[in-house]
Amino acid sequence: MNRDDAWNLLCEFTQTESLRKHALAVEFAMRAYARRYGEDEELWGVVGLVHDFDYEQNPTIPEHTAVGAKIMHERGWPEEIVTAMLSHADYSGVPRTTTMQKALAAVDELTGLISAVALVRPSKNIADVTVKSVKNKWKDKAFAAGVNRKEIEQCAADLGVPLEEHIGVVLAALQAHAVELGLGGPLASQQS
Ligand SMILES: [Fe+2]
Ligand SMILES: [Fe+2]
């Protein structure tokens, strides 16, 4: 299973643009961490891309991830990828034992918070976002209220990366793909 297979699986089950962008953001963050740890970048990217592929059709607990795992099993996806996908949801009961699984959990919600910070910049450009500006929104509970800061902190600690460093890794990964993520400002998105 390669990146094309992952993208096709995602798009077959996900029409919503924002959900596809979320999958891409998590893919880019996972690739950054794979490079950092000298791991298999393609594998980690695939896991990021597919981790929420069943969410649009199954947004409820525990269907989200359980239905996805069933579909992946039927289609012969490798167990390593299915297990990693399952592990991002605490309620799936699959413990996070590998660095890949821990990285997935740590980047998942953080990509959403960083994107939200970019979109409230006057430029709507992620190039103008800094680690400090993300940290400033950390305490602002009303901002991107759906993002569980405590969970990100816990997952970063579980991964063994200090929070500010973690934000820096994910921010740089998203900045490198600003236009694809719709975070390159209004001019960039007109061109894409
Ligand atoms: Fe999810
Ligand atoms: Fe997600």
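Read the numbers this way: they start at 1 and go in the same order the structure lists the ligands and their atoms.
A salt bridge links R75 with E12; the closest basic N to acidic carboxylate O contact falls under 4.0 Å. Using a cutoff of 4.0 Å between basic side-chain nitrogens and carboxylate oxygens, E164 and K135 are scored as salt-bridged. With respect to the salt-bridge test (charged N to carboxylate O, under 4.0 angstrom), the residues D52 and R20 do not qualify.
Note: F28 and H177 have parallel aromatic rings, judged against thresholds of 30 and 60 degrees for the angle between ring planes.
Within 6.0 Å of CD in E153 there are more than 12 heavy atoms belonging to other residues, nucleotides or ligands.
Around the Fe ion (ligand 1), protein N, O or S atoms at a distance under 2.8 Å total 3; waters are neither shown nor counted.
Side-chain rings of H166 and Y33 approach one another, their centers coming within less than 6.0 Å.
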